[in-house]
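Scope of the values below: all heavy atoms of this structure, side chains included, with no hydrogens, waters or symmetry mates.
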Amino acid sequence: MALLPPSKKLKTAEDQDQYTMETRDISPAHLLTKIESFSRLWNHETKTLESSEFESGDYKWKVTINLDDNGHISVYLSLVGTASLPAGWEVNVIFNFFLFNHISDNYLCFRGKARRIRAINPECGFYKLITKESLKEASHGYLFKDKCVFGAEVFVIKNQPPLVQNVRAHHVSINPYKQEWKISNFSKLEGMWKSEEFCTGGYKWYLF
């Protein structure tokens with residue numbers, strides 16, 4: 001990773017501990033970088049490191065690690081080459097950051113939530129991923145002989161067009177049936193009167 005000029009990271013609502021932590025044996029899928037002499041990050045005037053570019057989901061990315069004045073380490077994911085993207089672009093991603101544990105030989109995984117990256121803010125990450133003291137603590141295993149290993153995974157959520165189903169309404173043909181009856185001596189009828197049977201629609205009917 002390369003040292004960068006000092007930069008101020010603004011604390012946003014999306015940077016507020018919106019991740020879950022778990023341990024994992026499998027290496028990160030997209031970026032694994034070893035940082036030699038990590039102590040220079042907090043001893044050097046410049047406290048920002050930048051990874052090399054890596055590709056995922058047809059895009060190029062980089063990871064930036066920054067140590068703030070309060071001893072917190074922030075990690076950010078940035079989209080590279082945004083100038084070539086069309087106007088109004090946005091990329092939805094799910095990303096994870098990793099710290100290798102040299103003692104247990106596995107990774108501490110910081111699993112993030114789905115985020116939307118746009119031209120107004122082409123990066124996302126965690127403002128306080130881990131403290132300087134926690135990273136330096138020998139029993140934690142993250143820093144060994146002043147070396148640490150960071151990793152990252154980026155999964156791009158492809159926007160699929162909505163599934164449109166054409167539903168054809170079946171035309172129901174209604175053929176009216178007309179039947180006439182002539183009732184003689186209607187005034188003299190008593191009780192229930194029942195018509196003769198008639199057939200329509202494949203069924204037999206009568207009126208009463």
Item to check | Inter-residue atom distance S104.OG - H140.NE2, 0.5 Å rounding | outcome: 11.5 Å
Checklist outcome for this item: salt bridge (Lys or Arg N to Asp or Glu O under 4.0 Å) filter on D58, not counting sequence neighbours, yields K158
Item to check | Under 3.5 Å side-chain donor-acceptor pair for D146 and S39 | outcome: yes
Checklist entry - Going hydrophobic residue to hydrophobic residue with side-chain gaps under 4.5 angstrom, can you get from L108 over to F144? => result no
Checklist entry - Just how far is it from atom CG of D25 to atom CG of N106, taken to the nearest 0.5 Å? => result 5.5 Å
Checklist entry - Roughly how far, to the nearest 0.5 Å, is CZ of R111 from CG of N96? => result 4.5 Å
Next on the checklist: Is there a path of hydrophobic side-chain contacts, each under 4.5 Å between heavy atoms, that joins V149 and L49?
Outcome noted: no
Item to check | Cluster companions of I157 among Ile, Leu, Val, Met, Phe, Trp, Tyr (side-chain spacing under 4.5 Å) | outcome: I94
Checklist entry - Of all heavy-atom pairs between L99 and F110, which one has the smallest distance, and what is that distance? => result CD1-CE1, 4.3 Å
Next on the checklist: Check whether W61 reaches the backbone of S56 with its side chain - one donor and one acceptor, N or O, closer than 3.5 Å.
Outcome noted: yes
Item to check | Check: S51 and L31 side chains under 4.5 Å, non-hydrogen atoms | outcome: yes
Next on the checklist: Taking I103's backbone N and O only, do any of them form a donor-acceptor pair with N101's side chain (distance below 3.5 Å, no angle check)?
Outcome noted: yes
Checklist entry - Taking C-beta and beyond as the side chain, do I35 and I65 meet within less than 4.5 Å on heavy atoms? => result yes
Item to check | E153 with R24: basic N within carboxylate O range, under 4.0 Å | outcome: yes
Item to check | F95 side chain reached by C124 side chain, heavy atoms, under 4.5 Å | outcome: yes
Checklist entry - Where do P28 and G151 come nearest, in terms of heavy atoms and distance? => result CG-CA, 3.8 Å
Next on the checklist: Checking one residue: I26. Which other hydrophobic residues are in its cluster under the side-chain 4.5 Å linking rule?
Outcome noted: none
Item to check | Passing candidate, ring-ring contact (aromatic ring centres under 6.0 Å, His included) with F97, options F126, Y107, F150 | outcome: F126
Next on the checklist: For E55, is there an ion pair with K60 - N to carboxylate O distance below 4.0 angstrom?
Outcome noted: no
Checklist entry - Would F54 end up clustered with F100 when hydrophobic side chains under 4.5 Å apart are linked, directly or stepwise? => result no
Next on the checklist: Any salt bridge linking R116 with E90? Criterion: basic side-chain nitrogen under 4.0 Å from a carboxylate oxygen.
Outcome noted: yes
Checklist entry - Between E53 and K62, does at least one N-O distance fall below 4.0 Å, as a salt bridge requires? => result no
Checklist outcome for this item: Heavy-atom closest pair (C148 atom, F38 atom, distance to 0.1 Å) is SG-CD1, 3.2 Å
Checklist entry - Does a side-chain heavy-atom distance below 4.5 Å link H30 with F155? => result yes
Checklist entry - Which pair of heavy atoms, one from P122 and one from W89, lies closest together, and at what distance? => result CB-CH2, 4.2 Å
Item to check | Side chain H72, main chain T131, donor-acceptor under 3.5 Å | outcome: no
Item to check | Beyond-backbone contact of V63 with V75, side-chain heavy atoms, under 4.5 angstrom | outcome: yes
Next on the checklist: Let's go through L85 and Y59 carefully: what are the C-alpha distance in whole Å and the side-chain angles of both, what is the deciding distance for side-chain contact (heavy atoms from CB on, under 4.5 Å) to 0.1 Å, and is it a yes or a no?
Outcome noted: CA-CA 10 Å; L85 297 178; Y59 297 96; 4.1 Å; yes
Checklist entry - Does any non-hydrogen side-chain atom of I117 lie less than 4.5 Å from one of E123? => result no
Next on the checklist: Contact between L135 and I73 at the side-chain level, heavy atoms closer than 4.5 Å - yes or no?
Outcome noted: yes
Item to check | Rounded distance [0.5 Å steps], CG in N121 versus CZ in R115 | outcome: 9.5 Å
Checklist entry - Do F98 and L32 have side chains that get closer than 4.5 Å, going by heavy atoms? => result no
